[in-house]
There are 2 protein chains.
Amino acid sequence: MPDPWDNKQPIYKQLRDRVADLIMDGAIAEGDAVPSVRQVSAEQKINHITVAKAYQELVDEGVLVMRRGLGMFVLDGARKKLIIAERTKFKEFEVPALFERLTHLGLSISELQAALKEIDRTKKSK
Amino acid sequence: MPDPWDNKQPIYKQLRDRVADLIMDGAIAEGDAVPSVRQVSAEQKINHITVAKAYQELVDEGVLVMRRGLGMFVLDGARKKLIIAERTKFKEFEVPALFERLTHLGLSISELQAALKEIDRTKKSK
DNA sequence: TATAGTGTTATATTAAACTATATCACTATG
DNA sequence: CATAGTGATATAGTTTAATATAACACTATA
């Protein structure tokens, strides 16, 4: 398997997004510890400072809290908070950008809808 | 007005996308010259090498051609070629990523559709 | 009280993107 | 043929991201 990182965004940003997704999905529950900096660093073969930088972003967002000597933990209420914040980002920036993209490509909203439903069917049937 | 560049992608990539959009929209017609490297460099206050790098990508894609001493020109058939290539990128990569994004945010395809139509109505009524 | 596991900090190095300045080769036009 | 407008090239410097290596401070536990 090739590296799971693309070069369109810094690794620490991608890692932050990944952890945020896991929290929003409930795969990492509130109160739980997030995988340790050293563990992620070793498993993903990336520098521990890169991992710490990703976690620090989530600390700044009020999603994670650091307990000295213990690790980083998901705060209570973090899941809802994250989803609200990400939905706002989505509607404010990503949806308008998507609309522009459709316009330039000469594609309709219906065509996008069809493509999304196609993926939905594919996922459900496995 | 702040800088029209975001920091999520290198400037030369963003510039390449902008020019590609102009060509797909027909704002720059086939056979026309694209704004000169020096002109863009001066207007946007970015280095000329950054501009040349953006244009070079479009040359490599078979969209632009360089005529020594004259400038860079949009090739015949480039518009259609670009639209086909960009639509492929869209369906192969962007739509699946969008589907995942919706899943993580707990949003439905219908909700996205509604948000897009809202933008559509806003744009049409101006 | 060692030991191992947390996150943090410090130093040095590499690579990519971007910048500033200057110069070169080619083309059309006065 | 001089001039101004093309893109390309060369040199050197800054910034950001990421790396490698080492050491530090704190916490739980054997």
Side-chain angles (χ1 to χ4, degrees), chain A residues 2-20 22-23 28-75 78, chain B residues 2-20 22-23 28-75 78:
Chain A
D3 273 344
W5 312 110
D6 63 45
N7 21 8
K8 293 175 186 169
Q9 261 198 176
I11 292 176
Y12 77 91
K13 285 276 184 196
Q14 295 177 54
L15 182 57
R16 177 258 168 228
D17 290 344
R18 251 199 245 181
V19 176
L22 289 171
I23 293 171
I28 304 179
E30 297 178 357
D32 278 5
V34 89
S36 86
V37 165
R38 282 180 167 83
Q39 184 181 340
V40 176
S41 168
E43 284 177 2
Q44 303 293 327
K45 301 193 177 171
I46 58 182
N47 196 270
H48 68 268
I49 295 178
T50 304
V51 181
K53 202 169 172 183
Y55 283 180
Q56 192 53 50
E57 291 228 338
L58 291 167
V59 169
D60 295 341
E61 294 174 41
V63 171
L64 297 183
V65 65
M66 198 266 283
R67 295 202 207 138
R68 299 200 63 167
L70 297 179
M72 310 278 266
F73 296 79
V74 180
L75 280 166
Chain B
D3 273 345
W5 311 109
D6 64 47
N7 20 8
K8 294 177 186 170
Q9 259 197 176
I11 292 176
Y12 77 92
K13 286 277 185 196
Q14 295 177 54
L15 182 56
R16 177 260 168 223
D17 289 345
R18 247 199 247 183
V19 176
L22 289 171
I23 293 171
I28 305 179
E30 297 178 356
D32 280 2
V34 94
S36 86
V37 166
R38 281 180 168 82
Q39 185 181 338
V40 176
S41 168
E43 283 177 1
Q44 303 293 328
K45 302 194 176 170
I46 57 181
N47 196 270
H48 68 268
I49 296 178
T50 305
V51 181
K53 203 168 171 184
Y55 283 179
Q56 191 54 49
E57 291 228 336
L58 291 166
V59 169
D60 295 342
E61 293 174 42
V63 172
L64 297 182
V65 64
M66 198 266 284
R67 295 200 206 140
R68 300 201 61 168
L70 297 179
M72 310 279 265
F73 296 79
V74 181
L75 280 167

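Note on naming: letters A, B, ... go to the chains in the order of the sequence lines (proteins, then strands), and numbering restarts at 1 for each one. This one's a predicted model, so the numbers in the text were calculated from it and none came from an experiment.
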Colleague: Do any N or O atoms of the protein come closer than 3.5 Å to N or O atoms of nucleotides 15-18 of chain C, and which pairs are they?
Modeller:
unit_1	atom_1	unit_2	atom_2	d
dA17(C)	OP1	Tyr12(B)	OH	3.3
dA17(C)	OP2	Lys53(B)	NZ	3.4
dC18(C)	OP1	Ile11(B)	N	2.1

Colleague: With hydrogens left out and only the distance checked, is there a donor-acceptor pair under 3.5 Å joining His48(B)'s side chain and the base of dT9(D)?
Modeller: yes
Colleague: At their closest point, which heavy atom of Phe73(B) faces which heavy atom of Ala33(B), and how far apart are they?
Modeller: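 What the structure gives for the nearest pair is CE2-CB, 3.5 Å.
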Colleague: Take atom NZ of Lys8(A) and atom C1' of dA17(D), then tell me their distance rounded to the nearest Å.
Modeller: 19 Å
Colleague: What residues form a side chain to side chain donor-acceptor pair (under 3.5 Å) with Asp32(A), not counting sequence neighbours?
Modeller: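 Result, side chain to side chain donor-acceptor pair (under 3.5 Å) vs Asp32(A): none returned.
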Colleague: Listed in order of residue number, which residues of residues 58-66 of chain A have a non-hydrogen atom at under 4.0 Å from DNA chain D?
Modeller: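 Residues of residues 58-66 of chain A that come under 4.0 Å of DNA chain D do not exist, since none gets that close.
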Colleague: Once each nucleotide of nucleotides 25-30 of chain D is scored for protein heavy atoms under 4.0 Å, what B/S/- sequence comes out, 5' to 3'?
Modeller: SBSS--
Colleague: Classify Gln56(A) by what it touches in the nucleic acid, base, sugar-phosphate, or nothing, heavy-atom distance under 4.0 Å.
Modeller: sugar-phosphate
Colleague: Could you tell me which residues satisfy salt bridge (Lys or Arg N to Asp or Glu O under 4.0 Å) with Glu30(B), sequence neighbours excluded, listed by chain and number?
Modeller: none
Colleague: Measure the distance from CD on Gln44(A) to C1' on dA18(D) and round it to the nearest whole Å.
Modeller: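 Taking CD of Gln44(A) and C1' of dA18(D), I get 15 Å after rounding.
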Colleague: Nearest-Å distance, CD (Glu43(B)) to P (dG5(D))?
Modeller: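 Roughly 14 Å, once rounded to whole Å.
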Colleague: Please report, rounded to the nearest Å, how far the P atom of dG5(C) is from the CD atom of Gln39(A).
Modeller: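 That distance rounds to 11 Å.
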Colleague: Using atom CD1 of Ile49(A) as one end and atom P of dA20(D) as the other, report the distance to the nearest whole Å.
Modeller: 11 Å
Colleague: Quick check on DNA chain C: between Lys45(B) and Ser36(A), whose nearest nucleotide comes earlier from the 5' end?
Modeller: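 Going by which nucleotide is closer to the 5' end, it is Ser36(A).
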Colleague: Within a strict 4.5 Å, meaning less than it, do heavy atoms of the Gln44(A) and Trp5(A) side chains meet?
Modeller: yes
Colleague: Identify the two heavy atoms, one from Ala78(B) and one from Val74(B), that lie closest to each other, and give their separation to 0.1 Å.
Modeller: CB-CG1, 3.8 Å
Colleague: Measure the spacing between CD of Glu43(A) and OG of Ser36(A) and express it to the nearest 0.5 Å.
Modeller: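 Those atoms lie 8.5 Å apart.
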Colleague: Where do Gln9(A) and Lys8(B) come nearest, in terms of heavy atoms and distance?
Modeller: CG-O, 4.3 Å
Colleague: Might you point out which heavy atoms bring Val40(A) and Pro35(A) nearest each other, and give the distance in Å?
Modeller: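 Smallest heavy-atom distance, with atoms named: CG2-CB, 3.6 Å.
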Colleague: Kindly indicate, with the supporting measurements, whether the criterion side chain to side chain contact (heavy atoms under 4.5 Å, CB included) is fulfilled by Thr50(A) and Leu15(A).
Modeller: CA-CA 9 Å; Thr50(A) 304; Leu15(A) 182 57; 5.8 Å; no
Colleague: Can you list the residues that meet the salt bridge (Lys or Arg N to Asp or Glu O under 4.0 Å) rule with Lys13(A), with sequence neighbours excluded?
Modeller: Glu57(A)
Colleague: For Glu57(B) and dA8(D), give me the distance from atom CD to atom P, rounded to whole Å.
Modeller: 13 Å
Colleague: Starting at atom OH of Tyr55(B), determine the distance to atom P of dG7(D), rounded to an integer number of angstrom.
Modeller: 7 Å
Colleague: Taking atom NE2 of His48(B) and atom CD of Gln39(B), what is their separation to the nearest 0.5 Å?
Modeller: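 If I round to the nearest 0.5 Å, the distance is 15.5 Å.
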